[in-house]
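Below is one structure, written out as structure tokens; the observations come after it.
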Amino acid sequence: MATVAPTAPLDQVADFPAIPADWAYLDSAATAQKPAVVVDAITRAYAETYATVHRGVYARSADMTVAFEAGRARVARFIGAADADEIVFVRGATEAINLVAQSWGGAHLKAGDRILLSMLEHHSNIVPWQLLRDRTGIEIDVAPLTEDGRIDLDAVEAMLTPAHKLVALAHVSNVLGSVLDAGRAARLAHAVGAKLLLDGCQAVPRLPVDVQALDCDFYVFSGHKLYGPTGIGCLWARAEILDSMPPWQGGGSMIDRVSFERTTYAPPPARFEAGTPHIIGVLGLHAAMDYVDSIGLDAIHAHEAALVRLAREALGGMNSVRLFGPDDSAGIVSFAVQGVHPHDVGTILDENQVAIRAGHHCAQPLMEHLGVPATARASFGVYSSGKDVVALVRGLERVRKIFG
Ligand SMILES: Cc1ncc(COP(=O)(O)O)c(C=O)c1O
């Protein structure tokens, strides 16, 4: 049997009430488990302090508004935004990209303009742009990958032209774990006058992110992958870009004045937040960011890098296992077992109390590029340990035994 040392720098599993001792949860890239501090913040808010925000004339609502807006300031601090008003609350990264495509894209892009994506994008950074293409006649280009599964920035440099108005790339791939050289991507995009959107879904739980240092123009992520609740996520954009964008959904809270003749709109971020927001989601996200910062993203990154090294070493030593992605993947290891469908791998691992993801990971173009219908994926979080890697290896040995 392949041996791996059951060690890793962090030991946070006791903070997570939904992870039993005998369960190896290796699906954090799909959604992270929640620490007790997040569960408690949500329970406390519903049980003790709940009220609506922005509209109430009573003290409870005023207090909740302060807590809600403190959440916005917390997000700004977490990702290095210049101002809390540059943070728009959305349901998640998917909604954030649809917002940018429909609002910014609809206002600023026209037939003949080009945008550049990459081969490894999640469907949520492909389909919104195709919907915009169908509406406006823009063209979509797709950057290739390097041999080891990174976005090929040399190819990006060669492909970009002044017709490109936007480059939209994953900061960290949800399948391969490859980390984009975002600074170079920004320089390349800006050199032709294009804006850079980074899909930070897999980056914010794994790397320190500073949107100003990265010099991107849009940054999006989902709270549930960052140990926060589902249904809450963020769009960041520079203030002048948000100012230039029209509303994309209409309703309460996003207006200045409404009459049947003419409606005027609130300034950002309210302009993009029609309806009652996910109040408690924001409070839960705030608690999650406090939790992550109390550990430190440098420590989390080092922890997950150590687990990736353990896993790749162990799986690489099994002769029927094919590994995808680079060795320095940020917390995500995709693999295939020769002759066994990834769904069967996932089912047998589940019998061994090991939870992985098997499928196309909402990245069908990447699967086609890799020449596989699906992969198996193990992904780590702050609660993961070397014991989980041992359980994965034991489970895969059982898979090999069952399939001969
Ligand atoms: C890289 C990436 N982008 C976007 C998304 C979409 O996130 P959500 O479904 O939370 O909107 C995901 C989720 O898996 C992802 O991994």
Side-chain angles (χ1 to χ4, degrees), residues 25-34 38 75 79 88-102 117-131 142-143 145 149-151 167-180 182 185 196-207 209 214 216 218-236 248 272 278 281-282 284-285 288 304 324-326 329-334 355-367 369-370 374-381:
Y25 182 69
L26 293 173
D27 199 17
S28 298
T31 197
Q33 294 292 329
K34 314 306 169 200
V38 168
V75 174
I79 61 168
V88 179
F89 286 122
V90 287
R91 279 190 298 139
T94 301
E95 188 169 79
I97 298 173
N98 277 278
L99 192 170
V100 175
Q102 290 184 38
L117 311 175
S118 87
M119 186 60 80
L120 58 66
E121 298 310 313
H122 189 282
H123 295 163
S124 63
N125 196 27
I126 299 174
V127 184
W129 305 113
Q130 292 173 324
L131 293 172
V142 182
L145 307 183
R150 302 169 203 275
I151 298 171
V167 176
L169 302 173
H171 194 179
V172 170
S173 160
N174 65 308
V175 179
L176 304 172
S178 39
V179 182
L180 176 72
L196 176 67
L197 180 148
L198 292 177
D199 172 356
C201 254
Q202 300 295 344
V204 288
R206 309 200 149 78
L207 309 170
V209 168
L214 292 172
C216 55
F218 300 99
Y219 201 93
V220 306
F221 67 92
S222 297
H224 69 97
K225 295 180 199 276
L226 183 61
Y227 309 98
T230 51
I232 188 72
C234 301
L235 161 67
W236 168 84
W248 78 306
F272 306 107
H278 188 0
V282 170
L285 181 60
E304 294 191 14
F324 301 97
S329 147
I332 296 169
V333 178
S334 266
I356 60 147
R357 174 83 178 265
H360 56 61
H361 314 291
C362 298
Q364 287 178 346
L366 175 58
M367 295 298 114
H369 168 78
L370 296 172
T375 73
R377 179 187 71 185
S379 53
F380 302 112

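Everything quoted here is computed from the prediction, not taken from an experiment. In each ligand, atom 1 is the first atom listed, and ligand 1 is the first ligand listed.
Side-chain contact between Phe221 and Ile79 is present, with at least one heavy-atom pair separated by less than 4.5 Å.
The shortest contact between atom 3 (N) of ligand 1 and any protein heavy atom is with Asp199 OD2, 2.5 Å. The protein atom (non-hydrogen) at minimum distance from atom 16 (O) of ligand 1 is Gln202 NE2, 2.7 Å. Of the protein's heavy atoms, Lys225 NZ, 2.5 Å lies nearest to atom 14 (O) of ligand 1. For atom 11 (O) of ligand 1, the closest non-hydrogen atom on the protein side is Thr94 OG1, 2.6 Å. Of all protein heavy atoms, the one lying nearest to atom 15 (C) of ligand 1 is His122 CD2, 3.4 Å.
The distance from ligand 1 to the heavy atoms of Ser222 drops below 4.0 Å at these ligand atoms: 7 (O), 8 (P), 10 (O), 11 (O). Residue-ligand proximity, His224 to ligand 1, at heavy-atom distances under 4.0 Å covers atoms 10 (O). Against a heavy-atom cut-off of under 4.0 Å, Ser124 is close to the following atoms of ligand 1: 3 (N), 4 (C), 5 (C), 6 (C).
Taking the six-membered ring for Trp and thresholds of 30 and 60 degrees, His171 and Tyr219 have ring planes more than 60 degrees apart, a perpendicular arrangement.
Atom-to-atom distance recorded for His122:NE2 and Thr94:OG1 is 6.0 Å, nearest 0.5 angstrom.
Heavy atoms of Cys362 come nearer than 4.0 angstrom to ligand 1 in no pair at all.
Contact record, Leu235 with Val90: N-CG2, 4.1 Å, taken as the closest heavy-atom pair.
No donor-acceptor pair closer than 3.5 Å links the side chain of Ser118 to the backbone N or O of Leu169. Put simply, the side chain of His361 gets close to the backbone of Thr375: a donor and an acceptor are under 3.5 Å apart. Using modelled atom types, one side-chain atom of Asn125 and one backbone atom of Ala168 make a donor-acceptor pair closer than 3.5 Å.
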